[in-house]
Q: 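What follows is a single structure, and I will ask about it in a moment.
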Amino acid sequence: MNQVDDKTYRERVYEIVRRIPSGRVMTYGLIAEILGEGYTPRTVGYVMHGADTENVPWQRVINSQGACSTGRMTMPVNLQQNMLESEGVVFSDKGKCDLGEYLWYPDGFAKDEQESPTLFV
DNA sequence: AACTTGACGAGGG
DNA sequence: CCCCTCGCCAAGT
């Protein structure tokens, strides 16, 4: 059941990212937590690194500090933040946004009860 | 097959 | 609040 047949390892991550509404964000750790076994914040980041920027709203995935982590790449750190700001997300001078306000949880995955791993595949 | 690298994160100092 | 360490696991060398 949990094979990588119809959905590859990466596609499972992208599928969740595509659900994030404009103006909202998710963290690498949260996505890993939802996907469960075999997924960690680090691997989610690795997968996002190879995302199809055309079809995946990659800018909506940030780190647990509420900041953008795209600094190491060839693209400027500002780009991701700018894209989010144009969606209405407000960042502080230090480049952090309020996760309490913008963090988005997929349907059925309540903020308080994070115990159901494979709620939606 | 072994070793290194990350768009990470929690915990300790 | 900043810095460092360690655990995590797919991919690239």
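Chain naming here is simple, since letters A, B, ... match the order of the sequence lines and numbering starts at 1 in each.
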Q: I'd like to know if the side chain of A:Gln80 and the backbone of A:Gln59 have a donor-acceptor N/O pair within less than 3.5 Å.
A: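 Present.
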
Q: Check whether A:Tyr105 reaches the backbone of A:Leu30 with its side chain - one donor and one acceptor, N or O, closer than 3.5 Å.
A: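 Flag not set: sc A:Tyr105 to bb A:Leu30 has no pair under 3.5 Å.
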
Q: Rounded to whole Å, how long is the line connecting atom NE2 of A:His49 with atom P of B:dT5?
A: 15 Å

Q: Send over the distance from A:Tyr28 OH to B:dA7 P, rounded to a whole Å.
A: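 The distance from OH of A:Tyr28 to P of B:dA7 comes to 9 Å, rounded to the nearest Å.
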
Q: From CH2 of A:Trp58 over to P of B:dG6, roughly how many Å is that when rounded to an integer?
A: 18 Å

Q: Go through the structure and list residues passing side chain to side chain donor-acceptor pair (under 3.5 Å) with A:Thr27, not counting sequence neighbours.
A: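 Here no residue qualifies.
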
Q: Quick one: does any side-chain atom of A:Tyr9 pair with a main-chain N or O of A:Gly38 as donor and acceptor, under 3.5 Å?
A: yes

Q: The criterion is side chain to side chain donor-acceptor pair (under 3.5 Å); which residues satisfy it with A:Glu85, sequence neighbours excluded?
A: A:Gln81

Q: Using the test salt bridge (Lys or Arg N to Asp or Glu O under 4.0 Å), find all partners of A:Glu101 that sit at least two apart in sequence or belong to another chain.
A: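 Checked A:Glu101 against salt bridge (Lys or Arg N to Asp or Glu O under 4.0 Å); zero matches.
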
Q: Report each atom pair, protein N/O against N/O of nucleotides 10-13 of chain B, whose distance is under 3.5 angstrom.
A:
none

Q: Does A:Arg60 use its side chain to pair, donor to acceptor, with the backbone of A:Ile20 at less than 3.5 Å?
A: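 Answer holds: yes.
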
Q: Under the side chain to side chain donor-acceptor pair (under 3.5 Å) test, which residues partner A:Asp52, sequence neighbours left out?
A: A:Asn55

Q: Round to the nearest Å and state the distance from A:Asp93 atom CG to C:dC1 atom C1'.
A: 16 Å

Q: Nucleotide by nucleotide, 5' to 3', does protein get under 4.0 Å of the base (B), only the sugar-phosphate (S), or neither (-) in nucleotides 6-13 of chain C, counting heavy atoms?
A: -BBBSSS-

